[in-house]
Number of protein chains: 2
Amino acid sequence: MRSEGLEKVTMRRLAQELDTGPASLYVYVANTAELHAAVLDALLGEVELPADRSGTGWREDLVAALTSYTRLLFEHPQLARSALVARPSGANYLDLVERLLRLLSRSGAPREQVAWGVDNLLQYATATAAEHGTQESDPTSRDDWDALTRAAHGVDESEHPMIKAHLPALLSGTQDARLSWGFDLVINGILHTPVPHATV
Amino acid sequence: MRSEGLEKVTMRRLAQELDTGPASLYVYVANTAELHAAVLDALLGEVELPADRSGTGWREDLVAALTSYTRLLFEHPQLARSALVARPSGANYLDLVERLLRLLSRSGAPREQVAWGVDNLLQYATATAAEHGTQESDPTSRDDWDALTRAAHGVDESEHPMIKAHLPALLSGTQDARLSWGFDLVINGILHTPVPHATV
DNA sequence: ACCTGAACACCGTTCAAGT
DNA sequence: ACCTGAACACCGTTCAAGT
């Protein structure tokens with residue numbers, strides 16, 4: 001069950017790689033979602049997440065860990081999409097969650113905010129990778145730019161004045177700049193949003 | 001191209017619904033992603049988003065509009081998943097973006113923050129729907145609970161103390177409570193996170 | 001010119017039959 | 001008991017042939 005350089009992780013492809021029929025895989029996993037979760041966890045095990053640098057603040061370490069995870073997902077957008085609908089639960093994933101909880105706790109935020117917050121951080125990382133992840137460098141993806149981009153240029157001033165006014169900002173920023181702004185946004189949001197009293 | 005009660009929106013299914021071959025659809029759309037975007041936009045046109053209630057604050061109206069959009073996506077998780085990887089660009093979607101920009105602008109936040117922020121709000125709504133959207137009420141989805149839930153109960157105190165400590169909070173809260181907390185989180189994050197100077 | 005039947009190249013999952 | 005070949009029920013997309 002080693003994670004080779006498989007492009008599209010598929011029951012049939014993996015079975016072929018293993019010189020057997022696709023039915024055999026169902027001895028180990030119940031369905032494709034579980035297969036993807038297992039592969040993702042294996043990849044997570046091969047990546048060395050940056051260690052917490054004792055000299056720096058929790059925030060930098062938190063962003064570093066998230067960035068590292070996101071980079072992995074960016075290279076496997078298919079796994080990111082799977083992880084979005086069925087959260088992984090492998091040992092390496094739990095290690096990541098453990099670490100994120102520890103780092104975010106150092107912010108001093110209440111435990112409930114930390115718990116719910118980590119969920120949102122992981123969702124943001126996963127969704128962004130699913131959205132923008134390198135889709136096998138398809139030549140069609142050149143104009144596959146955000147659909148908004150295409151639509152935006154033909155926007156009617158009188159019908160959508162706000163879009164027109166925000167256009168430069170809507171399209172500005174590199175992918176990296178937006179990703180790290182997004183991490184900051186979610187972290188700041190966590191720190192500033194108490195969980196409703198009744199739910200705890 | 002009316003949007004009937006189609007469960008799984010598929011090239012072949014839709015073609016059959018229209019008493020023709022699947023090839024015929026390629027006259028109107030280039031691929032499945034475009035088909036899904038078109039269907040989503042049509043559905044968006046049939047939903048009446050709650051009007052801005054003049055007596056209330058921008059924040060309530062913003063959350064109401066987002067909730068309405070999210071509810072629609074929850075009923076069509078497949079479309080949510082498509083919308084995540086290829087943002088729609090139909091007229092009704094642009095209307096939604098226009099409105100979100102207008103409402104968030106009333107917060108007084110700088111234009112760049114508003115523009116980038118709306119993107120994150122839409123991503124959060126879409127990702128949440130893709131993640132938790134009613135998957136055709138499959139009987140298997142009863143224990144399809146968050147994988148974390150299953151894994152969590154067998155968590156080793158010494159190996160993952162933070163997960164153990166946060167366990168109740170990690171699993172607490174209804175779906176609705178978490179969704180609206182998430183909207184608050186993103187909104188608060190937008191208000192507190194200036195976009196980097198260089199990118200504007 | 002426009003539409004589409006039929007074919008191609010894939011999928012996930014199941015189950016009866018084999019070892 | 002464990003594994004798996006072969007079949008079933010789907011997919012998206014293309015293209016040559018028809019009107």
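Each chain gets a letter, A, B and so on, in the order the sequences are listed, and its residues count up from 1.
- The backbone N or O of B:Ala169 lies less than 3.5 Å from a partner atom in the side chain of A:Trp116, making a donor-acceptor pair.
- We find that CG of A:Leu14 is positioned 13 Å from P of D:dT4, with the value rounded to whole Å.
- For C:dC3, the OP1/OP2 oxygens have no side-chain nitrogen or oxygen of B:Thr20 closer than 4.0 Å.
- In this structure, B:Asn31 places its CG atom 9 Å from P of D:dT14, rounding to the nearest Å.
- For A:Ser24 and D:dC3, the shortest distance from a side-chain N or O to OP1 or OP2 is not below 4.0 Å.
- Straight-line distance from the OH atom of B:Tyr28 to the P atom of D:dT13: 17 Å, rounded to whole Å.
- Taking side-chain N and O atoms only, A:Thr32 has a distance below 4.0 Å to OP1 or OP2 of C:dT13.
- Between the OH atom of B:Tyr26 and the C1' atom of D:dA16 there is a distance of 17 Å, rounded to whole Å.
- For B:Gln16 and D:dG12, the CD to P distance is 12 Å, given to the nearest whole Å.
- Looking only at distances, a side-chain donor or acceptor of B:Asp41 sits under 3.5 Å from a matching main-chain atom of B:Tyr93.
- Candidate nucleotides D:dC3, D:dC11, C:dC11 were compared by shortest atom distance to the side chain of A:Thr10, and C:dC11 ranks first.
- Between the NE2 atom of A:His36 and the C1' atom of C:dG12 there is a distance of 11 Å, rounded to whole Å.
- A 3.5 Å limit on both hydrogen-bonding distances identifies no Watson-Crick or G-U partner for C:dA9.
- Salt-bridge annotation for A:Asp119 and A:Arg87: present, with a side-chain N of the basic residue lying under 4.0 Å from a carboxylate O of the acidic one.
- Judged by distance alone, with hydrogens and angles left aside, the side-chain atoms of B:Arg99 form no donor-acceptor pair with the main-chain N or O of B:Leu62 at under 3.5 Å.
- Under the 30°/60° scheme for interplanar angles, the aromatic rings of B:His192 and A:His192 are found to lie parallel.
- Comparing C:dC10 with D:dA9, their P atoms sit 22 Å apart, to the nearest whole Å.
- Annotation: of the two residues near DNA chain D, A:Pro22 and A:Val27, the 5′-most nearest-nucleotide partner is A:Val27.
- Put simply, CE on B:Met11 is 18 Å from C1' on C:dA6, counting in whole angstrom units.
- Atom pair A:Leu35:CG and C:dG12:P shows a separation of 8 Å (rounding to whole Å applied).
- Base pairing of D:dA16 is made with C:dT4, judged by Watson-Crick or G-U wobble geometry with both donor-acceptor distances under 3.5 Å.
- Along DNA chain C, the nucleotide nearest A:Arg13 and the nucleotide nearest A:Ala23 are compared for position; the residue whose nucleotide lies closer to the 5' end is A:Arg13.
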